[in-house]
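What follows is a single structure, written as structure tokens, with notes after it.
So you know, we letter chains A, B, ... as the sequences are listed, proteins then strands, and number each from 1.
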Protein chains: 2
Amino acid sequence: MKLSMKTDYALRAIFTLVEFYGEKPIPIRELARRNEIPKRFLEQILLQMKERGWVDSLPGKVGGYRLARDPSKITMGEIVRHFEEVLAPIHCVSVAGYKRCSQEPVCRFRRLMLNVRHVVATMMDGTTLAAVYKGLPVTNEEVFSEPLVEGAGI
Amino acid sequence: MKLSMKTDYALRAIFTLVEFYGEKPIPIRELARRNEIPKRFLEQILLQMKERGWVDSLPGKVGGYRLARDPSKITMGEIVRHFEEVLAPIHCVSVAGYKRCSQEPVCRFRRLMLNVRHVVATMMDGTTLAAVYKGLPVTNEEVFSEPLVEGAGI
DNA sequence: CTTATATCTACTAAATTAGTCGTTAATGAA
DNA sequence: TTCATTAACGACTAATTTAGTAGATATAAG
């Protein structure tokens with residue numbers, strides 16, 4: 001259910017590129033430092049994001065990375081899906097990552113998983129980098145004081 | 001973002017116990033066969049579910065496993081959370097599995113992740129085994145014909 | 001006392017995750 | 001042209017997690 005560090009790092013990095021969108025390119029070194037990401041690992045991540053056209057780069061003295069598209073034209077869903085393969089909780093309710101499961105005709109919980117996939121996909125695909133960037137960081141009070149269903153954790 | 005096989009197997013098995021709730025105990029062999037789960041692996045899973053009080057067992061010739069509590073008193077959230085540790089997409093928005101992240105004060109996407117966690121937790125914690133069992137299995141047509149946001153996969 | 005079941009403890013093979021490392025190529029400035 | 005600084009490329013690896021296996025013991029019914 002959890003995102004990998006790679007996805008987390010990708011999001012951290014791209015949001016600092018959002019911050020400097022339209023300005024000068026930011027070198028990996030700086031992206032790594034600001035977001036506490038191992039530099040050589042970030043290199044791979046940025047390369048993938050470049051292949052997908054979200055980012056571009058310039059070598060040389062004043063080189064670095066820039067956001068290649070308007071942040072209102074890139075969704076969270078695209079990025080997370082690229083690094084995680086699937087948003088769905090199980091493959092049998094995934095469209096892009098669908099894999100047949102022998103239990104499909106009798107599985108009781110498949111419908112719930114489909115519903116979960118649907119709300120998550122809707123939220124992720126409906127949210128652009130620009131929209132996320134406009135929001136303020138959430139505080140820990142908000143995280144922990146949230147109205148939880150049945151008092152359960154998480 | 002995806003459930004492990006262990007969680008999947010746990011859910012498969014517990015739903016056949018729901019099916020026989022109030023009747024005679026079902027042996028592992030039978031649970032494994034019906035749900036296509038490796039028997040020795042299922043053994044471990046059932047033991048964990050027994051420790052949590054969802055299931056009990058009888059050894060001996062007519063032994064096997066039974067659901068120990070009413071299926072309307074067990075939620076999907078409890079089970080998934082037990083086997084996955086967290087429902088949240090990242091630790092920093094998890095209550096039970098919270099881990100501090102150095103980026104918290106500046107992280108832009110933490111709020112979206114909190115919202116995702118919230119809807120998933122609400123769905124999972126608000127759904128009992130009994131409620132899931134009442135529903136019919138979903139068809140592949142329903143899975144693939146779903147109204148997708150922006151035409152994106154999954 | 002036999003047979004069929006659960007229980008306990010440990011081990012392991014495969015896959016995935018989270019990186020590292022060495023080298024080359026491009027660019028701008030001196 | 002040469003130097004410093006950056007990205008790009010390809011391979012390698014260590015640690016962790018996942019998905020199991022295996023062998024032996026305990027319990028109950030007939």
Requested in this report: Classify the nucleic acid contact of B:Leu46 as base, sugar-phosphate or nothing, counting any heavy atom under 4.0 Å across all strands shown.
Outcome: nothing
Query raised in the report: Which nucleotide sits closest to the side chain of A:Arg40: D:dA7, D:dA19, C:dC21?
Result: C:dC21
Requested in this report: Taking only the side-chain heavy atoms of B:Phe41 (C-beta and beyond), determine which of D:dG20, D:dC9, D:dA7 contains the nearest atom.
Outcome: D:dG20
Query raised in the report: Looking only at N and O atoms, is any donor in the side chain of B:Gln44 or the base of D:dT21 less than 3.5 Å from an acceptor on the other one?
Result: yes
Query - Separation of D:dA7 P from A:Lys24 NZ (nearest whole Å) - result: 13 Å
Requested in this report: Nearest 0.5 Å please: distance from the OH atom of A:Tyr65 over to the CG atom of A:Leu31.
Outcome: 9.0 Å
Requested in this report: Would you tell me if any nitrogen or oxygen in the side chain of A:Arg29 comes within less than 4.0 Å of OP1 or OP2 on D:dT6?
Outcome: yes
Query - Residue-phosphate contact under 4.0 Å: A:Tyr9 side-chain N/O, C:dG19 OP1/OP2 - result: yes
Report task. For B:Leu3 and D:dT18, give me the distance from atom CG to atom P, rounded to whole Å. Result -> 12 Å
Query raised in the report: Shared ILVMFWY cluster between A:Tyr21 and A:Ile79, side chains joined below 4.5 angstrom?
Result: yes
Report task. In whole angstrom, give the distance that lies between atom CD1 of B:Ile37 and atom P of D:dT18. Result -> 18 Å
Query raised in the report: D:dG23, D:dC9, C:dT20: which one has an atom nearest the side-chain heavy atoms of A:Pro38?
Result: C:dT20
**Report entry** Hydrophobic cluster identity match, B:Met113 and B:Val106, side-chain contacts under 4.5 Å
**Finding:** no
Requested in this report: Calculate the interatomic distance between B:Lys6 atom NZ and D:dT21 atom P; express it in whole Å.
Outcome: 14 Å
Report task. Write down the distance between CD (A:Glu84) and C1' (C:dT17), rounded to a whole number of angstrom. Result -> 11 Å
Requested in this report: Using the test salt bridge (Lys or Arg N to Asp or Glu O under 4.0 Å), find all partners of A:Glu36 that sit at least two apart in sequence or belong to another chain.
Outcome: none
Query raised in the report: Is B:Thr127 close to A:Phe109 at the side-chain level, that is, under 4.5 Å between some pair of heavy atoms?
Result: no
Query raised in the report: How many angstroms lie between atom CZ of B:Arg81 and atom CG of B:Asp125, to the nearest 0.5 angstrom?
Result: 4.5 Å
Query raised in the report: In whole Å, what is the span from the NZ atom of A:Lys39 to the C1' atom of C:dC21?
Result: 12 Å
Query raised in the report: Between B:Ser4 and D:dT17, is there a side-chain N or O to OP1/OP2 distance below 4.0 Å?
Result: no
Query raised in the report: Expressed in angstrom and rounded to an integer, what is the separation of B:Met5 atom CE from D:dT21 atom P?
Result: 12 Å
Report task. Hey, could you give me each pair passing salt bridge (charged side-chain N to carboxylate O under 4.0 Å, His left out) that has a residue in residues 17-27 of chain B? Not counting sequence neighbours. Result -> B:Glu19-B:Arg34
**Report entry** Closest listed nucleotide, where the reference is the side chain of A:Glu43 and the choices are D:dT21, D:dA8, D:dA19
**Finding:** D:dA8
Requested in this report: Mark up nucleotides 25-30 of chain C, 5' to 3', with B wherever a protein heavy atom is under 4.0 angstrom from a base atom, S wherever such an atom reaches only the sugar-phosphate, and - elsewhere.
Outcome: -SB---
Query raised in the report: Rounding to a whole Å, what distance do you find between A:Asp56:CG and D:dA8:C1'?
Result: 14 Å
Query raised in the report: Side-chain N or O of B:Lys50 less than 4.0 angstrom from OP1 or OP2 on C:dT7?
Result: yes
Query - Phosphate-side-chain proximity, A:Ser57 and D:dA8, N/O vs OP1/OP2 below 4.0 Å - result: yes
Query raised in the report: Distance-only, no hydrogens or angles: does the A:Glu30 side chain make a donor-acceptor pair with backbone N or O of A:Pro27 under 3.5 Å?
Result: no
